[in-house]
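Note that these values count all heavy atoms, side chains included, but never hydrogens, waters or copies made by symmetry. By convention here, the first residue in the shown sequence is residue 1.
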Amino acid sequence: MSTPMQVDTQEIDESLYSRQLYVLGHEAMRRMAGSDVLVVGMKGLGVEIAKNVVLAGVKSVGVWDDGVVEVGDLGTQFFLREQDIGKPRASVTAPRLAELNSYVPVHEVKAEPELTVDMVKNYQAVVLTNTPLAKQLEINDYCHANGISFISADVRGLFGCVFNDFGPSFTCVDPTGEQPLTGMIASIDRDAEGIVTGLEETRHGLEDGDYVTFSEVKGMTELNGCEPRKVTVKGPYTFSIGDTSNLSDYVSGGIFTQVKMPKVINFKSLRESLKNPEFFITDFAKFDRPATLHAGFQALSAFVNEHGRLPRPRHPHDAKLVIALAKQVAQKAGSEEPLDEKVLTELAYQASGEISPMVAVIGGFVAQEVLKACSAKFHPMVETMYFDSLESLPAELPTEDDCQPINSRYDSQIAVFGAKFQQKINEQRQFLVGSGAIGCEMLKNWSMMGLGSQGRGVIHVTDLDTIEKSNLNRQFLFRAKDVGKFKAESAAAAVAEMNPELKGRIIAHQDRVGTETENVYGDDFFAEIDGVTNALDNVAARQYMDRRCVFYQKPLLESGTLGTKANTQVVIPFITESYSSSQDPPEKSIPSCTVKNFPNAIEHTIQWAREKFDEFFVNPPTNVNLYLSSPNFVEQLKASGQQLDQLKTVRKYLVQDRPRSFEECIEWARLKFEEDYVNEIKQLLYNLPKDQLTSTGQPFWSGPKRAPEPLEFDINDPIHYEYLVSAANLHAFNYGLKGDRDPAVFKRIPEFQPRVAKIQVRDDEPVTNEPEGGEEDVNGILANLPQPSDMAGFRLNPVGFEKDDDSNHHIDFITAASNLRALNYSITTADKHRTKLIAGKIIPAIATTTALAVGLVCLELYKIIDGKTDLEQYKNGFVNLALPFFGFSEPIAAAKNKYGDTEWTIWDRFDVPGNPTLQEFIDWFKNEHKLDVTMVSSGVSMLWSNWTPPAKSKERLPMRMSTLIETVSKKPIQPWQRSVIVEVMVENEEGEDVEVPYVLVHLQ
């Protein structure tokens, strides 16, 4: 069995690897931290793989390359500079790779004249790029026999190939990486099939062949903690676990939990796989292409062996030789499948080329396969993959002369697209929104492609965020020295160093895109750009930019990642739907009653704790400050209907519970423990006893409702203690008091006895810890509050939730508060790491996925630059590197509407020139489109309708549209606006209402 060894390594730096840890988990990270990786070949593909592996955090990376830097390398190898030409590639690259991650040593392997098996024997994984096939076979034979995971990969123009061999018996411990499914049980049959039924309206989500175990089953207790049992799905709410006839009778309850079972994969050697390949299909629209490319890539190797060079760019004679060699390969293998000669011709034409987007796709994919080999996490690709993007070629194919090298850094791209198309790339004007993980990769690819680097070309990039330590793990343009700086500025400077032609042509902004910055990103700005690329992390900003692109009729490239998953979308004016045309279903929310009284999962208690965080440390200090500073605070509360409760809270924080020392903060925290985990639970059980029955005679505390138990405070319990420490320190922060972590300070608290709260029996009785004396009114509370004028200069400090600072007690409090609540309800607790993920709504991320997604986006960008208008030539993509899976589809065409004989889509509008009067506006529709306007509006303002009173109509019809809009809306049209949107209702000549596009009234 070949499986990564268990290792004891240094503590994982969670502040650096936090987003990646949510993808891989601690155990996989520890395995990786014990793995040494060798990457052979330091041209574009090799360095892309090495970059992603170094960022991921393996034990060490060795690099080997026997070549020197050539000018063409500068088009894909982003760590090389012009002054490096003629120097050894590996020697120049290794120290720059080492800067990516201080935890991962990078060393150049001893520079022998050629690669030998002695060089690979001490590595757990070996990756070969730009390596002759004979050498690949030699190294693979050794690796296959000695338990070393082997990967070979190459990029030839718009083609890429990957081969995996992780040994004859590789154990994958977690094939999918998904969280194990879990669910509550309604019943289990005691018979030969053992049918398990889940709760109503809750799908179990299991598949045939999954394994589950059980807990909290009453009656059939033999299932609790049982060995995993194989599942046969019977329906969306039922599944079979096999014979249960020898078990006890089922009574009630129970939870099933999916168990991930290891999978053993038997890889063939490269020598065997060349004869009997097992293809991994990346695009089912090209199902027959792998067989052609399998022969084609071997033919390229034979060509090099015979001629000592790769085929020349778009050289017909060389291409014919490659086709002949491919046919010999296929014939020798006994293949009867016909080879696609057009594909083979393009492979030969492009073989000497290497382009950055294809390098990113293959490099991101291969790097993830390396991590799988090291960690045994996720299912490896089996075994041979071919990928191409021939659709990215320009419609006007380049000539042989146009593809010849010109001693330019773009020679490798020119070999594929030609110098004429290269000039189009150089003169692009693009707007990149966001410079985080996706933004960094995008800028790197653009700089290698030469986008915006000459002539009229320019790149605008905006991002208002600054760099944090957790960014360094996947936003590879940044280094430790950049922490605290603006992302856009640092990213722009980094890529201008990669490609000096971008200096002065990449413009960094620190703006949030939105209505508030339309004076910056308005008519003039959009008139000067060719397209927009989103690198955003939230839907609202994506939708806003999508609306702007539709308005300005600009193409938009969209992408996103979630752990090992990625999606890409291309939006083309007048051809495709927009990003906002289709939306994901909303996130499933947790009912408030479940969070408040009936939690049954750790997600419920974490949400409860997150709400408590705001209830204790954010909202009350904010309201105290408003009371002290806002003269209208009481009136505003009255209008909101929360006057009494909010004023009681202000009194508590300003008068009753105001601490004068840290010890009093500890007492406050101790009281909160008693209120929330003792008294509230006793109150709930008083109202709803454990033997409570429903109206139908069923036990109330059954199914998803778990009967709670009050806790008893124990200073020696780690969770109780952490709650006390974090709550007391946060309360002290509110009041500007010095906090403390010294255990001795907190150990004195057992001497402190909390007030014993009376359980409320009647509705008119005070709730726990409320003052005696019956119901209070607002005036009574205000009489006991100090006047704001008497507390000049006094303010509390509301806590601003920050999930990534491990020293601020924020996640500590939420973890402790959530776990105490979980203990109340017998729910399995969660560690700080998982709590942070859920409470902080963190998006798991890893550099490999980001690199691949951006590569796919840039392959679409070539098509946009070429101006392709055929919907079938564009591709939206979905990838899951864990499985692995590639899926591509044509973009959805823009939905068509119609009035009369005229079709229109979201991209169309009426363009009315010259700021007409309202009368001229109405006449324009009648004369130009035979439509009668019945109503005109702008935003929420009604400008005119055919039922407008005659006097007002007479007043408005002569007004210019700009004046009319400003007069009715009472809002000025901003100076930067060249046009305004107007909506109309119209009738056709038959008097029928018809739907038409919006109207753009040009003001000049």
Side-chain angles (χ1 to χ4, degrees), residues 514-519 521-527 543-544 546-553 573-574 578 580-581 639 894-1004:
T515 54
E516 69 275 15
T517 55
E518 288 182 1
N519 59 323
Y521 308 112
D523 295 350
D524 291 337
F525 179 83
F526 274 89
Q543 290 175 334
Y544 173 79
D546 178 63
R547 291 193 298 272
R548 299 296 277 171
C549 286
V550 171
F551 179 77
Y552 289 110
Q553 298 172 331
F574 305 103
S578 72
S580 303
S581 297
K896 292 182 179 179
N897 301 284
K898 195 172 186 179
Y899 67 90
D901 296 328
T902 303
E903 287 187 338
W904 61 276
T905 71
I906 56 168
W907 297 99
D908 294 297
R909 70 274 188 106
F910 292 108
D911 281 294
V912 182
N915 193 16
T917 64
L918 175 58
Q919 183 64 64
E920 291 170 343
F921 178 86
I922 294 170
D923 293 343
W924 184 85
F925 273 91
K926 183 69 173 177
N927 298 331
E928 297 292 327
H929 300 283
K930 297 182 174 56
L931 296 171
D932 291 318
V933 177
T934 59
M935 189 180 76
V936 184
S937 61
S938 178
V940 297
S941 300
M942 170 80 72
L943 303 180
W944 177 86
S945 70
N946 56 10
W947 59 87
T948 298
K952 186 170 286 189
S953 185
K954 184 178 180 180
E955 174 190 338
R956 293 185 176 181
L957 285 170
M959 285 186 179
R960 294 285 175 190
M961 291 296 290
S962 58
T963 305
L964 178 61
I965 292 169
E966 290 183 324
T967 301
V968 177
S969 67
K970 297 182 172 57
K971 293 179 182 178
I973 294 173
Q974 299 300 326
W976 60 83
Q977 288 183 267
R978 293 181 179 177
S979 56
V980 290
I981 295 176
V982 174
E983 294 84 24
V984 295
M985 290 181 63
V986 298
E987 294 178 350
N988 60 20
E989 292 181 295
E990 287 74 38
E992 300 169 330
D993 289 336
V994 293
E995 188 175 355
V996 295
Y998 69 86
V999 184
L1000 200 63
V1001 177
H1002 294 272
L1003 304 180
Q1004 299 174 2

Nearest heavy atoms of [X] and [Y], plus distance in Å:
X	Y	value
Leu957	Thr917	O-CB, 3.7 Å
Tyr998	Val550	OH-O, 4.4 Å
Asp546	Ser580	OD2-OG, 2.9 Å
Thr948	Ser953	CG2-N, 3.8 Å

Taking C-beta and beyond as the side chain, do [X] and [Y] meet within less than 4.5 Å on heavy atoms?
X	Y	answer
Gln553	Arg909	yes
Val1001	Pro916	yes
Gln919	Pro958	no
Ile981	Leu1000	yes
Tyr552	Phe525	no
Arg956	Val968	yes
Trp944	Lys952	no
Val980	Ser938	no

Nearest 0.5 Å please: distance from the [atom1] atom of [X] over to the [atom2] atom of [Y].
X	Y	atom1	atom2	value
Gln974	Asp523	CD	CG	12.0 Å
Ser941	Glu983	OG	CD	10.0 Å
Ile906	Phe574	CD1	CZ	10.0 Å

Test log, rule side-chain contact (heavy atoms from CB on, under 4.5 Å), inputs Val982 and Ile965: CA-CA 9 Å; Val982 174; Ile965 292 169; 4.2 Å; yes
Ion pair check, Lys896 and Glu903, cut-off under 4.0 Å: yes
N-O pairing of Arg960 and Glu920 below 4.0 Å: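 The answer is yes: the pair qualifies as a salt bridge.
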From CA spacing to verdict: side-chain contact (heavy atoms from CB on, under 4.5 Å), Met985, Thr934: CA-CA 6 Å; Met985 290 181 63; Thr934 59; 3.5 Å; yes
Check: Thr905/Trp907 side-chain N/O donor and acceptor closer than 3.5 Å: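 There is no such pair (donor and acceptor under 3.5 Å, judged by atom type) between the side chains of Thr905 and Trp907.
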Salt bridge (Lys or Arg N to Asp or Glu O under 4.0 Å) partners for Lys926, two or more places apart: Asp932
Name the atoms and distances for all side-chain donor-acceptor pairs under 3.5 Å in residues 990-997, with sequence neighbours left out.
from   : atom 1 : to     : atom 2 : distance (Å)
Glu992 : OE1    : Asn988 : ND2    : 3.2

Whether His929 and Phe925 hold their rings parallel, tilted or perpendicular, with breakpoints at 30° and 60°: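 Geometry flag for Phe925 against His929: tilted rings.
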Parallel, tilted or perpendicular: ring planes of Phe910 versus Trp924, cut at 30 and 60 degrees: perpendicular
